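Heads up: the structure comes next, in structure tokens.
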Amino acid sequence: MFKIQTLNKISAEGLANFPRDDYEIASEILNPDAILLRSADMHSMELPASVKAVARAGAGVNNIPIPAMTEKGVVVFNTPGANANAVKELVIAALLFSSRPVHKAAEWAKTLAGKGDEIPDLAEKGKSQFVGPEIKGKTLGVIGLGAIGAMVANTAIGLGMDVIGYDPYISVDAAWSLSRAVHKAESLESLLSKSDYVSLHIPQTNDTKGFINADRINMMKKGVRLLNFARGGLVVNKDVIAAIEAGKIAQYITDFTDEELLANDKVICLPHLGASTPEAEDNCAFMAVKQLKDFLERGNIVNSVNFPKTYLDAQIPASGTRLCIANKNVPNMVGQISTILADAKLNIEGMVNQNRADLAYNLIDVSCPVSDDVVAKLKSIEGVINVRCIAG
């Protein structure tokens with residue numbers, strides 16, 4: 001039986017996909033095989049030695065210490081695209097609210113309470129305070145064309161906007177999903193200089209932290225409206241505030257709250273609502289559970305942020321074994337592994353080897369059980385990180 005520890009409340013719809021007879025799931029559990037979480041911070045957590053995988057029911061993984069996990073051979077999964085529609089809908093709402101100050105108008109309208117029959121006339125006289133431009137015909141610059149960015153771009157096209165996209169690392173799948181009406185930016189500077197609205201959809205890494213700063217704001221049009229529903233650290237808040245005060249930025253809407261932003265009248269901070277829909281929570285949990293099951297039961301890896309995608313479609317041989325071996329990506333590893341198996345008279349029936357940067361991962365099917373002695377010899381190879389056996 002596999003043991004799954006949950007660090008957050010996870011959708012019951014998603015957890016129901018773990019077979020009850022084969023899985024034990026609890027927030028407090030000894031020697032878990034895997035950890036399933038949403039936003040819980042794992043950086044100060046002491047990881048049990050039994051953990052083989054961590055699955056984040058969501059896309060962002062900055063709450064997980066990836067390098068430490070990789071060093072221990074722990075596979076970290078995320079669920080890209082599972083909450084994309086929920087985030088996209090909120091971004092489109094923010095796009096509209098950045099132009100039309102509906103929130104301010106609603107707050108002001110409440111001040112008319114108690115005025116009785118005067119309210120209609122007062123409302124007509126006061127509405128001029130809340131004028132804002134239409135988005136149709138305006139230019140939206142989308143930085144990052146992953147699942148969410150591509151959806152935002154396509155929806156904006158449907159709303160009559162001119163859309164420019166920038167993503168030097170766009171995936172084939174994302175490219176296929178993108179409307180042909182989206183223009184490819186010649187450069188980031190070109191996008192920033194032409195856009196009336198800029199929406200961020202890139203991950204936060206050491207390279208992208210502070211991505212929107214004074215230098216890049218200076219490239220933008222006067223009166224630009226900036227949206228950040230990716231990660232708070234992508235934007236240098238003090239530079240945005242200075243740009244608002246200078247009239248460079250007309251409105252900043254972010255899904256991340258911060259003390260220095262909350263008091264500014266031209267900033268709207270939301271409490272990280274992007275994926276806060278029941279549909280998104282179900283979708284993320286379902287995908288995370290599916291990935292954990294496939295890894296624990298068959299060794300397959302899909303949507304990992306630290307291990308290579310590795311998939312062996314064949315069934316594990318009846319009465320046989322599937323070896324799951326993580327190792328440093330150095331020469332002659334496969335040769336050493338196959339020599340040990342050959343010496344033990346173990347015939348390889350199926351094999352796949354994939355690598356990602358300094359890491360490699362192997363799935364090897366053999367037709368009979370693998371002894372503890374053979375496993376020990378495999379683990380003793382210099383550069384092997386861990387070895388796991390899955391019985392057929």
Side-chain angles (χ1 to χ4, degrees), residues 33-37 42-43 47 51-82 144-147 149 167-176 201-209 230-231 284 287-288 290-314 322-338 348 350-365 378-379 381-390:
D33 293 287
I35 290 174
L36 181 54
L37 75 159
M42 292 187 66
H43 285 275
L47 192 74
V51 173
K52 305 167 184 67
V54 171
R56 162 77 160 95
V61 291
N62 52 333
N63 57 322
I64 302 170
I66 305 298
M69 297 294 169
T70 304
E71 187 176 337
K72 295 176 181 178
V74 175
V75 182
V76 179
F77 296 96
N78 69 344
T79 58
L145 295 168
D167 191 338
Y169 308 107
I170 187 170
S171 69
V172 173
D173 288 344
W176 274 107
H201 300 285
I202 56 177
Q204 182 177 315
T205 66
N206 290 335
D207 293 332
T208 61
K209 191 169 184 179
R231 281 292 178 267
C284 287
M287 184 183 288
K290 181 181 178 182
Q291 291 166 178
L292 279 180
K293 281 181 79 274
D294 202 19
F295 173 71
L296 293 172
E297 296 174 15
R298 303 182 65 191
N300 292 325
I301 296 177
V302 178
N303 289 331
S304 171
V305 299
N306 62 339
F307 269 67
K309 180 179 179 179
T310 313
Y311 197 88
L312 193 54
D313 193 41
R322 176 165 292 175
L323 287 162
C324 310
I325 304 174
N327 59 267
K328 300 290 180 64
N329 185 24
V330 294
N332 198 34
M333 293 301 296
V334 173
Q336 293 181 79
I337 292 168
S338 59
I348 296 176
M351 178 177 181
V352 61
N353 167 272
Q354 296 292 341
N355 66 77
R356 179 174 182 170
D358 297 330
L359 195 65
Y361 183 66
N362 309 269
L363 293 176
I364 304 170
D365 284 348
L378 291 170
K379 289 181 176 179
I381 297 173
E382 185 177 354
V384 166
I385 300 170
N386 59 33
V387 178
R388 183 165 67 101
C389 295
I390 305 174

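These numbers were taken from a predicted model, which means no experiment stands behind them.
We find the CE-CG distance between M287 and L292 to be 12.5 Å, quoted to the nearest 0.5 Å. A distance of 6.5 Å separates CZ of F295 from SG of C324, quoted to the nearest 0.5 Å. Distance CZ/R56 to SG/C284: 7.5 Å, rounded to 0.5 Å.
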Please list every donor-acceptor pair under 3.5 Å in which a side-chain atom of residues 67-82 meets a protein atom from a residue at least two apart or in another chain.
unit_1 : atom_1 : unit_2 : atom_2 : d
T70    : OG1    : I66    : O      : 2.9
T70    : OG1    : N306   : ND2    : 3.1
N78    : ND2    : A59    : O      : 2.9
T79    : OG1    : G58    : N      : 2.8
T79    : OG1    : G58    : O      : 3.3

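In this structure a side-chain-to-backbone donor-acceptor pair under 3.5 Å is missing from D167 to G144.
Between F307 and Y361, the ring-plane angle classifies as perpendicular under the 30° and 60° cut-offs.
In terms of heavy atoms, M333 sits closest to G383 at CE-C, 3.9 Å. Of all heavy-atom pairs spanning I348 and S338, the tightest one is CD1-CB, 4.3 Å. When all heavy atoms of K379 and V384 are compared, the pair lying nearest together is CA-CG1, 4.1 Å. Considering every non-hydrogen atom in both L363 and G299, the closest pair reads CD2-O, 3.5 Å.
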- request: Check the pair N329 / D358 against side-chain hydrogen bond (donor to acceptor under 3.5 Å, both in side chains), numbers first and verdict last.
  value: CA-CA 5 Å; N329 185 24; D358 297 330; over 6 Å; no
- prompt: Could you walk me through whether N327 and I381 pass the side chain to side chain contact (heavy atoms under 4.5 Å, CB included) check?
  reply: CA-CA 9 Å; N327 59 267; I381 297 173; over 6 Å; no
task: Take I301 and Q354 through the test side chain to side chain contact (heavy atoms under 4.5 Å, CB included) and record every step on the way to the result.
output: CA-CA 10 Å; I301 296 177; Q354 296 292 341; over 6 Å; no
message: One pair to check against side chain to side chain contact (heavy atoms under 4.5 Å, CB included): L359 and I385. What are the steps and the verdict?
response: CA-CA 9 Å; L359 195 65; I385 300 170; 3.3 Å; yes
field: Worked verdict on R322 versus I364 for side chain to side chain contact (heavy atoms under 4.5 Å, CB included)
entry: CA-CA 5 Å; R322 176 165 292 175; I364 304 170; over 6 Å; no
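With hydrogens and angles left out, the side-chain atoms of N353 and N362 include a donor and acceptor closer than 3.5 Å. For the residue pair Q204 and N62, no side-chain donor N or O sits within less than 3.5 Å of a side-chain acceptor on the partner.
More than 12 heavy atoms of other residues, nucleotides or ligands lie within 6.0 Å of CG in N332, so this atom counts as buried by the packing criterion.
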